[in-house]
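In this chain, residues are counted from 1 in sequence order.
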Amino acid sequence: MRLAILGGGGFRVPLVYGALLGDRGEGRVSEVVLHDVDAGRLDAVTRVLAEQADGVPDAPVVRATTDLDDALRGADFVFSAIRVGGLRGRAEDERVALAEGVLGQETVGAGGIAYGLRTVPVAVDIARRVARLAPDAWVINFTNPAGLVTEAMSRYLGDRVIGICDSPVGLGRRVARALGADPREAFVDYVGLNHLGWVRGLRIAGRDELPRLLADSDRLGSFEEGRLFGPEWLRSLGAIPNEYLHYYYFNRETVRAYQEAESTRGAFLRDQQSRFYTDALRPGGSALRAWEDTRAEREATYMAENRESAGAGERKEEDLSGGYEQVALALMRAIARDERTTLILNVRNRSTLAALDADAVIEVPCLVGADGAHPLATDPLPAHATGLVCSVKAVEREVLAAAGSGSRATAVKAFALHPLVDSVNVARRLVDGYTAAHPELAYLK
C-alpha cells in the first residue's frame, strides 16, 4: 500500500513514519512517497527517516519527489500536511495581527483567516489533482486550519477527504487519566469545529464520569486544561474546552502575553526549525538526534504564552501533545482493513448538528470502516457553544468565498465577522497588512 505525504519535508513527518514502522500485518503501508516544494527539506527529513528505519525489518520504502503529480499517481492514501508560506508566513501572520492588537495565532482569529486565505487555493488544486490522478485514494488532511481546509477539499473529493487533529485526542486522554481511567476504555463525547470543541462527557462502562471530575478541584488542577481555564470556569461551562478556546475565553490576557513575549510562536519555530534543517544536513551528524532534540523543545514550549497568562506553570510531561500520527494510522487501518473503530475526526456534518448545514465540516466522534468515516449522532450543543460554532463557521464560509472569487471585499468581511476582530476598520487594515506581507495573497483584488 502506498502513502503519499504532501509537505513531506515537514518537521512532524518522522512521527508518521515512526507509527508506520510499528505497524504490522496485512494491508500495511509498504511505500512512502514524500513530496515537498523544498528539495533541501526533503533531503533532511529523508535522512531522519533512514535513521529511524535502520535495523527495522520490512520498513516502508521511502522515495522523495518535488513533482506533485508523480507523488499522487498510484497512491492509496494521501496525507496532506502542507504549510503555504512556510514558518516565515506564520510569523508574519502573528506580527500583522498583534500590531493591530488582535490575535494572530495560526488557526484562530486573524492569523487563522490569513493562513486560510493562503492555503485554500493550494488545497483546492491538490484536491482537483487527486480527483484526476488518484480517484480511489483517501485523503487525510492535517493541513491547518484543518476544518476549513478539509471543507474546501471536500467540495471536490466528497467524503474521501477526512481531517485529523491531535488536540481532541490529547484532551480526551488527559481527562480520562485525571479520572484514573484507561483512555483506551473511555468514550469521549466531544463536539465542535476544529480547535473549537468541548468534551461534554466521558463514558466509562456506559457511565458518564465527567460530573465527578468537575466536582473535584484537585483532579481538575491535575491536567493542562484544568490549570489553563481554572476549575470555576470549567464548572460554569459544565464541559472541558479544547485548549484553543483559551484564545476566546481569555482573549485580552492572551493577546497581552503575546505582545509582551520576546518572540511570537511562529518566529520561535521559524528560527528553531531553521537550525534543525541545517543540523540534519551536517556531514557526520545524526539527523535523527537533531530532530529528537528539536521536538522536545518544541513540545515543552507549546502554548507557553497562554499558560503564562493563566498562571498555569510549565507543561508537565504527561500533558505533552502528540498522537495525530496514531490517529492517522488508525484511520488508514480502519479503511484499508475494515478494522471498525471510533475516532474524533473532521467530516461533513450531514445531520449531526442541526444548527449547521449538511456540508459543513465539524469535529466529532465518527465510526470508521472500509466505507469511510461517519459522524455519530450527538446531543445538541448548549446555546453559548452553538452561537460560537455558527459564528466561526460563517467566517470560514467567507474565507472560502474570498479564496474562490479573489474578492478583497469578501476577505475584509471574513476578518470583520470574526468574534476576535473588533472593528471593520481593523479588518481593512489587516487585509492591507497581509496582502503586503504575503505574495500568495496577490489574488485578492
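- Ring to ring, Trp198 and Tyr190 are not that close: their centroids are 6.0 angstrom or more apart.
- Ring geometry for Phe250 versus Phe229: interplanar angle of 30 to 60°, hence tilted.
- Counting heavy atoms from C-beta on, the side chains of His195 and Glu363 never come closer than 4.5 Å.
- With sequence neighbours left out, Arg47 forms a side-chain contact (heavy atoms from CB on, under 4.5 Å) with Asp43, Leu281, Ala287.
- Arg83 and Glu106 are joined by a salt bridge, as a carboxylate oxygen and a charged side-chain nitrogen come within less than 4.0 angstrom of each other.
- In the displayed structure, Arg207 atom CZ is contacted under 6.0 Å by at most 12 heavy atoms of other residues, nucleotides or ligands.
- Two residues are said to be in side-chain contact when any heavy atoms from C-beta on lie closer than 4.5 Å; Thr278 and Arg275 fail this criterion.
- In terms of the salt bridge (Lys or Arg N to Asp or Glu O under 4.0 Å) criterion, residue partners of Asp189 (sequence neighbours excluded) are, by chain and number, Arg200.
- Remark: Ser30 pairs with no residue by the side-chain contact (heavy atoms from CB on, under 4.5 Å) rule, at least two apart or across chains.
- Between Val62 and Leu34, the closest side-chain pair of non-hydrogen atoms falls below 4.5 Å.
- Not counting sequence neighbours, the partners of Arg63 by the side-chain contact (heavy atoms from CB on, under 4.5 Å) test are Glu31, Val33, Thr65, Asp70.
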- Message: Apply salt bridge (charged side-chain N to carboxylate O under 4.0 Å, His left out) to residues Arg88 and Glu92 and explain how you reach the verdict.
- Response: CA-CA 6 Å; Arg88 179 205 65 80; Glu92 287 296 305; 5.1 Å; no

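- The salt bridge (charged side-chain N to carboxylate O under 4.0 Å, His left out) analysis of residues 136-154, with sequence neighbours excluded, yields the pairs Glu151-Lys393, Glu151-Arg397.
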- What's the verdict on side chain to side chain contact (heavy atoms under 4.5 Å, CB included) for Gln272 and Arg298, showing C-alpha distance, side-chain angles and the deciding distance? CA-CA 8 Å; Gln272 184 205 46; Arg298 173 192 174 113; 4.0 Å; yes

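- Scanning for side-chain hydrogen bond (donor to acceptor under 3.5 Å, both in side chains) contacts around Ser274 gives an empty result, with sequence neighbours left out.
- For the ring-ring contact (aromatic ring centres under 6.0 Å, His included) condition, the pairs that include at least one residue of residues 9-36, sequence neighbours left out, are Phe11-Phe276, Phe11-Trp291.
- Not a single salt bridge (Lys or Arg N to Asp or Glu O under 4.0 Å) links Arg289 to another residue, sequence neighbours left out.
- A 4.5 Å side-chain heavy-atom check between Leu21 and Pro60 finds at least one atom pair inside the cut-off.
- Of the N and O atoms on the side chains of Asn144 and Thr107, not one donor lies less than 3.5 Å from an acceptor on the other residue.
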- Check the pair Leu72, Leu6 against side chain to side chain contact (heavy atoms under 4.5 Å, CB included), reporting the backbone distance first and the verdict last. CA-CA 9 Å; Leu72 294 177; Leu6 311 185; 4.3 Å; yes

- From CA spacing to verdict: salt bridge (charged side-chain N to carboxylate O under 4.0 Å, His left out), Arg174, Glu225: CA-CA 9 Å; Arg174 290 188 288 273; Glu225 287 76 10; 2.6 Å; yes

- Task: Would you check, one step at a time, whether the test side chain to side chain contact (heavy atoms under 4.5 Å, CB included) holds for Leu331 with Val368?
- Result: CA-CA 7 Å; Leu331 178 56; Val368 191; 3.5 Å; yes

- Query: Could you walk me through whether Gln105 and Tyr244 pass the side chain to side chain contact (heavy atoms under 4.5 Å, CB included) check?
  - Reply: CA-CA 10 Å; Gln105 205 274 338; Tyr244 284 83; 3.4 Å; yes

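- Residue pairs meeting the side chain to side chain donor-acceptor pair (under 3.5 Å) criterion with at least one partner in residues 113-129, sequence neighbours excluded, are Asp69-Arg129, Asp93-Arg118, Arg118-His438, Asp125-Arg129, Arg128-Tyr156.
- Using a cutoff of 4.0 Å between basic side-chain nitrogens and carboxylate oxygens, Asp166 and Arg12 are scored as salt-bridged.
- In terms of the side-chain contact (heavy atoms from CB on, under 4.5 Å) criterion, residue partners of Ile204 (sequence neighbours excluded) are, by chain and number, Ala181, Ala186, Leu202, Glu209.
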- For Arg295 and Glu292, run salt bridge (charged side-chain N to carboxylate O under 4.0 Å, His left out): C-alpha distance rounded to whole Å, both residues' side-chain angles, the deciding distance at 0.1 Å, then the answer. CA-CA 5 Å; Arg295 182 192 171 213; Glu292 290 173 338; over 6 Å; no

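- Every residue two or more places apart in sequence or in another chain that forms a salt bridge (Lys or Arg N to Asp or Glu O under 4.0 Å) with Arg348 is listed here: Asp159, Asp359.
- For Tyr443, there are no side-chain hydrogen bond (donor to acceptor under 3.5 Å, both in side chains) partners at least two apart in sequence or on another chain.
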